[in-house]
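The structure appears right after this line, and notes come after that.
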Amino acid sequence: MSSPNRSPNLETYPDWRDLPTVLLAAIAKRFTSIHEYLPFRGVCSSWRSAATFDNFDRALPRAPWLMYVTEEKAKKVDEIGEGEEKKGDDAIGEEEEKKGDGIEGDVKRVANFLDMSNNKTYKIIDFASADGKLYLSWGGWILCVSEEIGAVNLTHPVWRTVIDLPGLDTFPEYIQENDDPLDTLHEYTHENDENGSRYISKMVLSGSPTIKCDLVVMVIWGKKHQLGFSRPGDSSWSVMDTWDGSFSDILYHNGRLYAVDSSRRVVECDIHGPNPSQIQQVFSLPNVDDRFASFDKICYLVESFGKFLIARRHFAYRNTLSFDIVEIDLKDGSHKEIRHLWNKSLFLGFNASLCLHLSAWNVVKLKPNCIYFTDHFGQCVDSDMGVFCVQNMRMRGLPGGFSCSSLTPPIWVVPSF
């Protein structure tokens with residue numbers, strides 16, 4: 001009998017690196033959390049080759065992260081929080097991330113990612129050159145707009161890929177309105193308007209940059225809130241047909257771009273077709289008695305398991321008072337008011353509007369039949385964020401109290417590739 005203190009004979013243990021690729025791929029497909037998937041990729045090269053982006057099931061519903069920006073003093077060469085774990089090229093650390101060259105006590109801008117399913121926060125210091133940035137999101141990808149130089153790029157908080165896009169100064173109106181581009185950008189980022197004081201106010205993608213597709217970045221831009229798009233490698237943004245209203249939200253669905261304006265009119269564009277700048281109206285809500293007519297409002301366009309919803313948010317003095325929802329049918333032009341979302345909830349803000357079926361997994365922190373919304377105006381004090389219950393029309397605060405910078409409102413980010 002061998003001594004208990006004797007080292008095990010490594011020759012008797014299998015080499016886990018040699019597991020069949022088919023088996024490794026099957027294991028990889030069973031991970032539902034990005035935090036489980038990334039360590040699996042980091043074990044060795046053979047495991048990494050099996051844990052491809054294609055083997056990560058993007059279709060599974062995932063509780064979103066709430067990204068918000070804070071300014072914090074560096075601790076021990078920029079260590080944030082007590083948790084510490086080994087970081088890989090793909091990893092994002094829980095309560096601590098990305099050590100820099102700062103000195104203890106230096107103030108750093110920190111991007112925080114609050115996992116709404118377990119109330120854990122993950123942090124990245126100086127995320128995508130966070131100083132002077134405005135953010136929008138689609139899925140797990142974040143559009144970063146520089147306040148100082150007008151640079152625009154896509155990045156991923158976990159994968160750390162950066163995709164450069166044309167700058168703000170390539171929009172025609174941007175140059176025409178002011179001889180000094182920096183003055184023009186300052187006007188958009190520091191003077192509030194109905195779309196949240198930003199030159200680009202919404203962004204959606206035609207697909208994930210991690211898969212092969214005709215990647216198109218579609219946006220709402222400018223003072224008049226019109227539509228535009230670009231592809232990686234383009235030298236400038238392309239603008240679409242002028243519309244007589246102001247668009248407030250956009251949606252990419254089945255190869256087409258849809259947009260809703262403040263009057264709840266919906267337009268459609270074949271973004272991959274021969275005339276990608278051409279838009280046409282496909283829906284208009286009839287004029288009806290509106291109990292919210294005296295309030296300011298913004299509309300969100302949401303795809304809910306094959307159906308289109310228009311969620312309208314009502315403001316008074318930049319504070320959200322209520323929401324109303326209609327389901328629309330683009331084929332026959334019909335609509336109906338929605339008073340119950342059942343097991344679904346909406347996540348609205350400067351992210352691509354999102355609908356999740358919460359009964360698909362057990363999430364204690366999130367409640368069905370609710371609208372989770374983030375601040376629309378970037379207010380430093382008394383930020384307008386919360387949860388609206390569709391059934392009883394009551395408001396409550398977001399779970400997991402936090403404070404954020406007035407630079408940019410928090411956004412919802414889906415933990416996926």
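Keep in mind that the numbers below use all heavy atoms, side chains included, and drop hydrogens, waters and symmetry copies. These numbers were taken from a predicted model, which means no experiment stands behind them.
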Next on the checklist: Show, in sequence, the C-alpha distance, side-chain angles and deciding distance for Val302 and Leu348, and conclude whether the side chain to side chain contact (heavy atoms under 4.5 Å, CB included) test is met.
Outcome noted: CA-CA 9 Å; Val302 192; Leu348 307 178; 4.0 Å; yes
Next on the checklist: Can you tell me how the ring of Phe171 sits relative to the ring of Trp221, calling it parallel under 30°, perpendicular over 60° and tilted otherwise?
Outcome noted: parallel
Checklist entry - Do His272 and Asp214 have side-chain N/O donor and acceptor atoms under 3.5 Å apart? => result yes
Item to check | Non-hydrogen atoms of Leu398 and Gly386 that approach each other most closely | outcome: CD2-O, 3.6 Å
Next on the checklist: I'd like to know if the side chain of Asp261 reaches the main chain of Arg265, judged simply by a donor and an acceptor atom lying under 3.5 Å from each other, with no hydrogens or angles considered.
Outcome noted: yes
Checklist outcome for this item: Correct closest heavy-atom pair for Ser230 and Leu165 would be OG-CD2, 4.0 Å
Next on the checklist: Nearest 0.5 angstrom please: Asp241 CG to Asn275 CG, how far?
Outcome noted: 9.0 Å
Checklist entry - Considering all heavy atoms of both residues, which atom of Ala63 and which atom of Leu366 are nearest to each other, and what is their separation? => result CB-CD1, 3.7 Å
Checklist entry - Ring centroid separation for Phe323 and His314, is it under 6.0 angstrom? => result no
Next on the checklist: When you measure from the side chain of Thr170 to the backbone of Trp237, do you find a donor-acceptor pair of N or O atoms at a distance under 3.5 Å?
Outcome noted: yes
Checklist entry - Where the side chain of Gln226 meets the backbone of Lys224, is there a donor-acceptor pair that is under 3.5 Å apart? => result yes
Checklist entry - Can you say whether the rings of His376 and Phe350 are parallel (under 30°), tilted (30 to 60°) or perpendicular (over 60°)? => result parallel
Next on the checklist: Could you walk me through whether Leu154 and Val162 satisfy the side chain to side chain contact (heavy atoms under 4.5 Å, CB included) test, starting with their C-alpha distance in whole Å, then the side-chain angles of each, then the deciding distance to 0.1 Å, before giving a yes or no?
Outcome noted: CA-CA 6 Å; Leu154 273 175; Val162 176; over 6 Å; no
Checklist entry - Within a strict 4.5 Å, meaning less than it, do heavy atoms of the Ser345 and Leu356 side chains meet? => result no
Next on the checklist: Please enumerate all residues that pass side-chain hydrogen bond (donor to acceptor under 3.5 Å, both in side chains) together with Asp249, with sequence neighbours excluded.
Outcome noted: Lys202, Ser353
Checklist entry - Does any donor atom in the side chain of Trp138 or Asn351 lie under 3.5 Å from an acceptor atom in the other side chain? => result no
Item to check | Ile371 and Val387, any side-chain heavy atoms less than 4.5 Å apart | outcome: no
Checklist entry - For atom CZ of Arg396, is the number of surrounding heavy atoms from other residues, nucleotides or ligands below 6.0 Å larger than 12? => result yes
Next on the checklist: For Leu66 versus Pro410, what's the shortest heavy-atom pair and its separation?
Outcome noted: CD1-CB, 3.8 Å
Next on the checklist: I'd like to check Arg312 versus Arg264 (side-chain heavy atoms, cut-off strictly below 4.5 Å). Are they in contact?
Outcome noted: yes
Checklist entry - Side-chain contact, heavy-atom cut-off 4.5 Å: Leu257 with Met240? => result yes
Checklist entry - With a 4.5 Å limit on heavy-atom distance, are the side chains of Phe308 and Tyr258 in contact? => result yes
Item to check | Heavy-atom donor-acceptor pair, Ser304 side chain to Lys307 backbone, under 3.5 Å | outcome: no
Next on the checklist: Return the CD1 to CZ distance between Ile298 and Arg313, rounded to the nearest 0.5 Å.
Outcome noted: 7.5 Å
Item to check | Verdict with supporting geometry, Asn112 and Thr121, side chain to side chain donor-acceptor pair (under 3.5 Å) | outcome: CA-CA 6 Å; Asn112 303 264; Thr121 300; over 6 Å; no
Checklist entry - Can you find a pair of side-chain heavy atoms, one from Leu341 and one from Ile325, that are under 4.5 Å apart? => result yes
Checklist entry - With Thr161, which residues qualify under side-chain hydrogen bond (donor to acceptor under 3.5 Å, both in side chains), at least two apart? => result Trp159
Checklist entry - Is any side-chain heavy atom of Phe229 closer than 4.5 Å to a side-chain heavy atom of Ser277? => result yes
Checklist entry - Among side-chain atoms of Thr320 and Asp384, is any donor-acceptor pair under 3.5 angstrom? => result yes
Checklist outcome for this item: Closest non-hydrogen contact found for Gly140 with Pro157 is O-CD, 3.2 Å
Checklist entry - Hey, mind stepping through Lys297 and Asp324 against salt bridge (charged side-chain N to carboxylate O under 4.0 Å, His left out) and telling me if it holds? => result CA-CA 11 Å; Lys297 54 186 67 67; Asp324 68 273; over 6 Å; no
Next on the checklist: Donor-acceptor check, side chain of Asp270 to backbone of Gly273, threshold 3.5 angstrom: yes or no?
Outcome noted: yes
Checklist entry - What is the distance from atom CG of Leu114 to atom OH of Tyr68, rounded to the nearest 0.5 Å? => result 5.5 Å
Checklist outcome for this item: ring-ring contact (aromatic ring centres under 6.0 Å, His included) with Phe347: of Trp65, Tyr300, Trp412, only one passes, and it is Trp412
Item to check | Proximity of Phe388 and Tyr372 rings by center, below 6.0 Å | outcome: no
Next on the checklist: So, taking the atom named CG in Leu136 and the one named CD1 in Ile200, what distance separates them when rounded to the nearest 0.5 Å?
Outcome noted: 7.5 Å
Checklist outcome for this item: Interatomic distance, CD1@Ile163 vs CZ@Arg231, rounded to 0.5 Å, equals 14.0 Å
Checklist entry - Checking side chain to side chain contact (heavy atoms under 4.5 Å, CB included) for the pair Asn369/Asn343: CA distance, chi angles, key distance, verdict? => result CA-CA 6 Å; Asn369 201 27; Asn343 290 323; over 6 Å; no
Next on the checklist: Using 0.5 Å steps for rounding, measure from the CD atom of Gln391 to the SG atom of Cys370.
Outcome noted: 9.5 Å
Checklist entry - Does Glu303 use its side chain to pair, donor to acceptor, with the backbone of Phe305 at less than 3.5 Å? => result yes
Checklist entry - How close do Ile411 and Ser137 get, heavy atom to heavy atom, and via which atoms? => result CD1-CB, 3.7 Å
Checklist entry - Leu346 versus Leu354: any side-chain heavy-atom pair under 4.5 Å? => result no
Checklist entry - Yes or no on side chain to side chain contact (heavy atoms under 4.5 Å, CB included) for Ile271 and Met218, after CA distance, side-chain angles and deciding distance? => result CA-CA 9 Å; Ile271 196 67; Met218 295 150 279; 4.0 Å; yes
Checklist entry - Can you name the side-chain hydrogen bond (donor to acceptor under 3.5 Å, both in side chains) partners of His253, sequence neighbours left out? => result none
